[in-house]
Amino acid sequence: MNIETGPIPRLPRGFRDIPPEDVLLRERMIASVCSVYRRYGFEPLETPHIEYLDALGKHLPDVDAPDGGVFAFRDDSAEWVALRYDLTAPLARYVAEHEKDIVFPYRRYQVGPVFRLEKPGPGRFREFYQCDFDTVGAGSPAADAEACCALADALEAAGVERGGYIVKINNRKALNGALEAAGVVSAADGSASDNSLVVLRAIDKLDRVGMDGVIRLLGEGRKDESGDFTKGAGLSNSQIDSIVKYLRASGSGRTDVCDTLFEAVKDSETGREGVSELRAIHDMLSAAGFGEDRAVFDPLIVRGLAYYTGPVFEAALTFETTDERGEKKQFGSVAGGGRYDTLVERFLGRKVPATGASIGVDRLMSALKQLLPPDASAYSAPVLVTAMDPSLMPEYQKLVFEIRSAGIPAELFTGSGGFRKQLKYADRRNLPLAVICGEDELNSGTVSIKDLLLGRELSKDIKDRAAWVDDRPAQITAPRSELVATIKRMLSDNIK
RNA sequence: GCCGAGGUAGCUUAGCUGGUCUAAAGCGCUUGACUGUGGAUCAAGAGAGCAUGGGUUCGAAUCCCCUCCUCGGUACCA
């Protein structure tokens, strides 16, 4: 700690170490989610963590300091490269690069860490896992509908019960229709002006800042309780009224939503198109048996702001969590996606329809930790073969391999220290059983096996040392030949 | 980016109207006793110089300023 020289052991800002139980939980979760993707016909793909900066879609920084947002640096030929910030941009690059070899529609899934150079916040880190799946080369709403189904099924596979989540679907075209109706964008131009982004952002915040907040954001702006002022879109009152009318246009069922949406956007061709895509998605969902309990239409879903061009969706967990202040909150969004028909266009110069979604692995994991019983995340810690008599090491090695051969995780104590220290080691590591073989056992052709978990319970009632040491609680001695069978029995007792 | 709260042993904290602090406590850790057994008990012990740098002062963990970092809110979010 106090050494004058040498580096300080510390983690870069926004990064973290993942403890063993979380690593294991994540592995299990990813495995279940990916098996769903595969069932839907998606195939795996891995791309490197690093891409050329321009391929990721960020433009070269002016000077040596790269733009905020991505971790970028020059490689040995002075080319700008960057850590990927999502899995979609690399997919676009991959598809464009292998266009001639890929069979379309191309369906792939990919899991891995992505990196963002942003301010870390509660539950937000600079490295996090995403679990993506996309269909490239299919423009039909059927592909969008399927993505929503896959999202729902994946969440269930991960351990979220039906009813514990909801997939919310909207269409950017419907949203744009509403903006056209309000006169924020003109139908002719259609391109996203700066102002339309501000409006979309305001809509996106409805759940957090409430209708009043949104109205303020659409107008002059809004000051939050920390005193920070957010500049508004500066819309006129009649424009705001028009947007608010859209925001209130949610209905009870999918077809209701479509009907009210249609009323709100019927003057816009884009809007009408958006609604008809939603109707197509509804037909697909219904045919697949996905009812309103799993997927709903929600005109308020905006999703990101940049590249979505059609249907957008997001999956939220509906169970409530209590934060440290005792306030109840819905857990919220754990996955999202949508249609992006222009991403590959950057490379090929023509539109390539694509749609997909991504599960935020880390957020889903923290939800799962609250949902699943605690020992669902416990892993099978190894049985410890103690080394009471160092001269018997070869014998101990034999025991360990015998246990391992039976498929039971086992380890030989290879540290230094006496028997007492070895049991303490096992105790601190929470190991379930200790195999003991000293002189007594050797002479009688037996082994002793101690149930450390049970022993820990029993120790609560033991007062004096003699009882603790001599009675050998939770320990049995079995014939050497029954080693594995005895261990198996004790392990299964232990689980109960 | 902006606003706010903080940074004292591995952890949680006390001290913060300056001196008695070469910094205290609990937990944890190490060693030993109890002589093949983790717990309990008893005994000994290691471990921070108070985030960093500067300033005020005879004197600073305690006051002031910069920076860094953490936490929270807000903004952004491909």
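Side chains included, hydrogens not; waters and symmetry mates left out as well; all remaining heavy atoms used. Lettering follows sequence order; numbering is per chain, from 1.
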Name the pairing partner of B/A40, where a pair is Watson-Crick or G-U wobble with both distances under 3.5 Å, or state none.
-> none
Has A/R208 got a side-chain N or O lying under 4.0 Å from the OP1 or OP2 atom of B/A75?
-> yes
Stacking here means centres under 5.5 Å and planes under 30°; does A/Y85 stack on B/A78?
-> yes
For B/G49, does the O4'-C1'-N9-C4 (purine) or O4'-C1'-N1-C2 (pyrimidine) torsion place it in syn, i.e. within 90° of 0, or in anti?
-> syn
Nearest-Å distance once atom P is located in both B/U8 and B/A61 | 15 Å
Of B/A75, B/G36, B/A78, the nucleotide closest to the side chain of A/R222 is B/A75
Using whole Å, report how far NZ of A/K119 lies from P of B/G73.
-> 9 Å
Does the base of B/G36 carry an N or O that pairs as donor and acceptor with the side chain of A/E441 under 3.5 Å?
-> yes
Paired nucleotide for B/A24 [Watson-Crick or G-U wobble; both distances under 3.5 Å] | B/U13
Test for a donor-acceptor pair under 3.5 Å between the base of B/U37 and the side chain of A/R472, counting only N and O atoms.
-> yes
Counting only distance, no hydrogens or angles, is the base of B/U37 paired donor-acceptor with the side chain of A/Q422 under 3.5 Å?
-> no
Does A/K424 place a side-chain N or O at less than 4.0 Å from the phosphate oxygens OP1/OP2 of B/C29?
-> no
Has the side chain of A/R124 got a donor or acceptor atom sitting under 3.5 Å from an opposite partner on the base of B/C77?
-> yes
Return no unless some side-chain N or O of A/W468 is found under 4.0 Å from OP1 or OP2 of B/G38.
-> yes
Centres of the A/F15 and A/F125 rings: under 6.0 Å?
-> no
OP1 or OP2 of B/A75 under 4.0 Å from side-chain N/O of A/R201 | no
Which whole-number value in Å describes the distance from A/R93 CZ to B/A78 C1'?
-> 17 Å
Roughly how many Å is it from CG in A/L197 to C1' in B/A78, rounded to a whole number?
-> 13 Å
At under 4.0 Å, does any side-chain N or O of A/R13 touch on OP1 or OP2 of B/U70?
-> yes
Could you tell me whether the phosphate oxygens of B/C76, OP1 or OP2, come under 4.0 Å of any side-chain nitrogen or oxygen in A/K205?
-> yes
Ignoring backbone atoms, establish whether A/R465 has a side-chain N or O less than 4.0 Å from OP1 or OP2 of B/G38.
-> yes
Roughly how far apart, to the nearest Å, are B/C71 and B/G32 at atom P?
-> 40 Å
Scanning all shown strands, the Watson-Crick or wobble mate of B/C77 with both distances under 3.5 Å is none
